[in-house]
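Throughout, a chain's letter reflects where its sequence line sits, starting with A, and its residues are numbered from 1.
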Number of protein chains: 4
Amino acid sequence: MRAAPMAPDDRRAQLLGAARAVFARRGYHAAGVADIIAEAGVARGTFYNYFPSKRAVFAAVLDAVMAELDRAVRPIDVAEPIGPQVRDNFLRVVRALTDPEVTRLLFAEAHGLDAEADEALRAFYEGAVARVSRALHTGRALGIVRDGDLDLTARCLLGMVKEPAIEAALAGESLDAARLVDEILRILTEGMLRLDPRAS
Amino acid sequence: MRAAPMAPDDRRAQLLGAARAVFARRGYHAAGVADIIAEAGVARGTFYNYFPSKRAVFAAVLDAVMAELDRAVRPIDVAEPIGPQVRDNFLRVVRALTDPEVTRLLFAEAHGLDAEADEALRAFYEGAVARVSRALHTGRALGIVRDGDLDLTARCLLGMVKEPAIEAALAGESLDAARLVDEILRILTEGMLRLDPRAS
Amino acid sequence: MRAAPMAPDDRRAQLLGAARAVFARRGYHAAGVADIIAEAGVARGTFYNYFPSKRAVFAAVLDAVMAELDRAVRPIDVAEPIGPQVRDNFLRVVRALTDPEVTRLLFAEAHGLDAEADEALRAFYEGAVARVSRALHTGRALGIVRDGDLDLTARCLLGMVKEPAIEAALAGESLDAARLVDEILRILTEGMLRLDPRAS
Amino acid sequence: MRAAPMAPDDRRAQLLGAARAVFARRGYHAAGVADIIAEAGVARGTFYNYFPSKRAVFAAVLDAVMAELDRAVRPIDVAEPIGPQVRDNFLRVVRALTDPEVTRLLFAEAHGLDAEADEALRAFYEGAVARVSRALHTGRALGIVRDGDLDLTARCLLGMVKEPAIEAALAGESLDAARLVDEILRILTEGMLRLDPRAS
DNA sequence: CATGAATGAGGGTTCATTCAT
DNA sequence: AATGAATGAACCCTCATTCAT
């Protein structure tokens with residue numbers, strides 16, 4: 001049975017979506033082009049009319065996911081109250097990571113694929129760190145952020161967000177984004193340890 | 001050239017070591033049994049005398065690495081000063097994660113292999129979370145840890161440690177463990193954000 | 001962009017020309033229908049409106065080339081001086097073979113394609129041999145050609161012409177047709193070896 | 001059914017032979033690795049234990065055939081009578097070319113495969129031309145060979161030998177080597193044309 | 001115990017051809 | 001008449017695993 005012809009952009013988008021679902025479900029290596037075309041209801045050759053290789057669709061999927069995540073972060077307007085804006089950014093990122101597809105693709109499948117994928121991922125991550133780091137420097141100038149090794153701090157921040165999201169996604173549990181964000185914000189604002197509570 | 005016979009345990013250990021090095025260097029999928037036996041200087045058949053499959057060696061390697069990491073955490077003696085003990089635990093964990101082999105194996109290669117590997121990893125991780133969580137509950141009872149969702153907090157803590165370690169390992173950079181630990185401890189004790197600096 | 005409709009014969013000729021260029025440039029197997037339609041600036045389906053298969057265009061191209069070569073040979077008029085007519089025939093053939101397209105198509109690509117192509121080629125070649133052979137018999141009757149196995153001689157003659165032409169074409173060198181023809185004629189008239197120079 | 005293990009050199013030779021037969025019979029493109037392993041009675045993987053690719057076996061086959069042909073030509077000892085040595089060389093070459101496998105492989109399949117194969121072939125052919133050309137120069141010094149463009153002459157000579165051999169092989173006819181050589185030698189020593197038989 | 005030749009299922013990719021528009 | 005998206009059979013190659021020596 002021959003699938004009805006389709007505008008190339010649409011077909012491409014459809015294949016991209018199918019690939020995204022399949023890669024998220026089975027992982028890069030376990031997924032075959034056969035799975036993707038089955039998901040899309042399309043013949044083998046059709047796939048290769050739109051992507052030159054399995055590796056290439058994966059790259060495209062990864063790009064889409066990274067862009068999605070990227071869009072979750074909005075610049076902060078210092079003329080407005082800062083707190084809610086920060087909280088909203090956290091919230092949007094966590095919500096994006098709440099999609100198990102996003103998380104699996106970014107964190108479970110993409111590492112160690114090949115030099116190129118690793119590089120794309122590292123570039124994305126470096127960008128994220130740089131972005132957070134810049135925000136922290138701005139915050140310090142505004143007196144909002146305490147001094148310290150802000151690059152390292154940025155990485156820690158990302159870890160606090162990523163880790164719970166990943167684990168929830170991989171475990172198949174759902175994650176209460178607001179709760180996580182509030183917990184993180186509390187740690188960031190108040191700390192959570194009193195190692196030497198000798199202070200009267 | 002026929003390798004000298006060897007005590008089975010030694011041969012097994014040798015193969016395990018070779019596999020660990022190879023998996024860390026090339027990743028699970030890129031590594032072939034051929035690489036492992038080349039590294040070990042042993043024939044193909046010999047490998048299968050000690051491990052039933054490639055998958056199985058990887059599981060064994062993973063077990064070894066997880067055990068190693070596990071040993072980095074020591075129970076806390078409440079009769080002694082807490083602070084240094086906590087710091088030392090952090091330090092030992094970060095140092096263990098400083099070994100790029102450990103990090104690559106645990107975080108870059110192990111995810112998404114198959115259901116069984118995912119399960120082993122998740123079990124390990126759940127154990128870690130549980131352990132930290134228990135420590136936090138104890139700490140709360142002692143008045144050292146502030147109240148809150150301690151499970152979530154445990155995950156955030158792990159993220160703060162893992163993330164910088166992973167990134168350093170994957171980027172091939174070295175990581176100053178003491179510096180990272182101190183930064184983390186400062187965040188945990190003092191926080192780092194003053195979102196509403198209304199405080200006169 | 002839709003190409004303007006065209007008289008069928010013209011379109012066919014255009015496609016034939018494109019195919020000839022492409023086959024000569026890339027060889028039968030390396031050339032794709034995609035190359036041909038790109039060369040012709042025409043859509044895929046259009047191609048199949050004029051030729052039933054890739055194999056078929058190649059056959060048509062081959063026919064055209066063989067006909068071209070065939071036209072290079074003119075019957076000899078015994079009422080006129082023979083020498084110049086022979087020389088002119090040689091010259092026209094060599095000049096035709098000087099076109100690298102012709103040579104590549106006939107000698108480098110056409111062999112071993114499939115039974116049918118081989119047959120067409122062999123038929124063409126047999127025709128050529130027969131033609132030369134007939135000329136030699138006539139020559140013998142006229143006392144111009146020495147006796148011998150004239151069929152074999154005809155094949156040798158063809159080889160003397162083909163070989164240098166092919167090699168020049170494949171090597172991308174140009175060939176001095178007149179020089180080759182003169183050399184061949186000298187060999188044919190005078191020989192070139194004196195194996196037993198005992199002749200006092 | 002598992003083929004009995006075999007000394008690697010033997011298996012390689014067997015595969016080479018099978019490949020040679022298959023390539024000669026079906027041509028490079030029509031022949032599949034499947035045909036070769038069927039001919040050899042061996043599994044797919046075995047083939048790739050000995051040759052890295054289909055292309056590579058073909059190269060090996062070609063090398064073998066070229067070497068075989070090369071061995072047919074023996075240096076001429078000027079202290080001995082020249083004539084018979086020359087004749088024997090011709091004879092051995094023609095006999096080698098009498099094997100249809102050799103001829104098909106060298107002349108029908110090898111051209112136009114890819115740049116590398118073309119180069120190997122051209123190098124072989126250039127070598128042959130150079131060899132013949134050198135012999136002719138020597139012969140001229142000895143007064144055996146008449147003056148002229150000896151490079152071109154060398155090419156013509158090769159053509160006289162190749163052409164009848166190829167055609168016989170492709171047509172499936174057998175060729176009387178001695179007869180061909182004698183005919184060629186007669187042409188070379190006496191010529192065969194008397195274009196201006198004015199000589200009373 | 002050790003060896004290494006043999007295996008073959010599995011997967012990615014190509015490209016001549018078809019047919020709905 | 002022209003188009004170009006869709007097709008799928010065919011093919012090359014990989015590599016974990018087996019087993020006879």
Review point. Nearest of F:dT7, E:dA5, F:dA1 to any side-chain atom of D:Arg2?
Key: E:dA5
Check your understanding: Can you find a pair of side-chain heavy atoms, one from A:Tyr28 and one from A:Leu105, that are under 4.5 Å apart?
Key -> no
**Study point:** DNA chain F: 5'-proximal contact among C:Gly41 and A:Thr46 (nearest heavy atom)
**Key:** C:Gly41
Review point. Please give, in whole Å, the distance from F:dC12 P to D:Phe58 CZ?
Key: 14 Å
**Study point:** Nearest-nucleotide pick for D:Ala43, side chain only, options being F:dC13, E:dT7, F:dT7
**Key:** E:dT7
Exercise for review: Provide, to the nearest angstrom, the distance between the CZ atom belonging to D:Phe47 and the P atom belonging to E:dA5.
Suggested key: 17 Å
Check your understanding: More 5' along DNA chain E: D:Val42 or C:Pro52, using each one's nearest nucleotide?
Key -> D:Val42
**Study point:** Close side-chain approach of B:Arg104 and B:Ile166, heavy atoms under 4.5 Å
**Key:** no
Practice item. Looking at every strand, decide which applies to C:Pro8 at a 4.0 Å heavy-atom threshold: base, sugar-phosphate, or nothing. Key: nothing
**Study point:** Student check: side-chain heavy atoms of B:Val33 and B:Val57 closer than 4.5 Å
**Key:** no
**Study point:** Pair B:Arg25 + B:Glu39, salt bridge at N-O below 4.0 Å
**Key:** yes
Review point. Between D:Phe124 and D:Leu62, is any pair of side-chain heavy atoms under 4.5 Å apart?
Key: no
Practice item. For side chain to side chain contact (heavy atoms under 4.5 Å, CB included), just list the numbers for B:Ile36 and B:Val42, CA-CA rounded to whole Å, side-chain angles, deciding distance to a tenth of an Å, and then say yes or no. Key: CA-CA 9 Å; B:Ile36 298 176; B:Val42 141; over 6 Å; no
Review point. Taking the six-membered ring of B:Tyr48, is NZ or CZ of B:Lys54 closer than 6.0 Å to its centre and within 45° of its axis?
Key: no
Point to revise | Nearest-nucleotide 5' precedence on DNA chain E, D:Tyr50 against B:Pro5 | key: B:Pro5
**Study point:** For atom CE of A:Met6 and atom C1' of F:dT7, their distance in whole Å
**Key:** 16 Å
Exercise for review: Please evaluate the base of E:dA6 for a donor-acceptor partner in the side chain of D:Asn49 within a cut-off of under 3.5 Å?
Suggested key: yes
Point to revise | Stepwise side chain to side chain contact (heavy atoms under 4.5 Å, CB included) test for C:Val102 and C:Phe107 | key: CA-CA 8 Å; C:Val102 171; C:Phe107 305 121; 5.9 Å; no
Check your understanding: Can you name the nearest heavy-atom pair linking D:Pro8 to D:Tyr50, along with the distance?
Key -> O-CE2, 3.5 Å
Check your understanding: Base, sugar-phosphate alone, or nothing: which one does A:Arg11 contact when heavy atoms must sit under 4.0 Å apart?
Key -> sugar-phosphate
Throw together a table of side-chain donor-acceptor distances under 3.5 angstrom for residues 10-24 of chain B, partners on residues two or more places apart or in other chains.
from, atom 1, to, atom 2, distance (Å)
B:Arg11, NE, B:Gln14, OE1, 3.0
B:Gln14, NE2, B:Ala40, O, 2.9
B:Arg20, NE, B:Glu101, OE1, 2.9
B:Arg20, NH1, B:Glu68, OE1, 3.1
B:Arg20, NH2, B:Glu68, OE2, 3.3

Revision key, fill the gap. note: D:Phe51, atom CZ; F:dT14, atom C1'; distance rounded to Å ~ 18 Å
Review point. F:dA16 C1' sits how many Å from A:His29 NE2, rounded?
Key: 15 Å
Practice item. For DNA chain E, produce a single dot-bracket line, 5' to 3'. Pairs: Watson-Crick or G-U wobble, both distances under 3.5 Å. Symbols: ( ) within strand, [ ] crossing, | other strand, . unpaired. Key: .||||||||||||||||||||
Exercise for review: Take the protein atom CD1 of B:Ile36 and the nucleotide atom C1' of E:dA2, then report the distance between them rounded to whole Å.
Suggested key: 18 Å
Practice item. Grab the CZ-C1' distance between D:Arg12 and E:dG4 for me, whole Å please. Key: 18 Å
Revision key, fill the gap. A:Asp10 atom CG is separated from F:dG4 atom C1', nearest whole Å, by 15 Å
Distances under 3.5 Å between protein N/O atoms and the N/O atoms of nucleotides 9-11 of chain E, please, pair by pair.
none

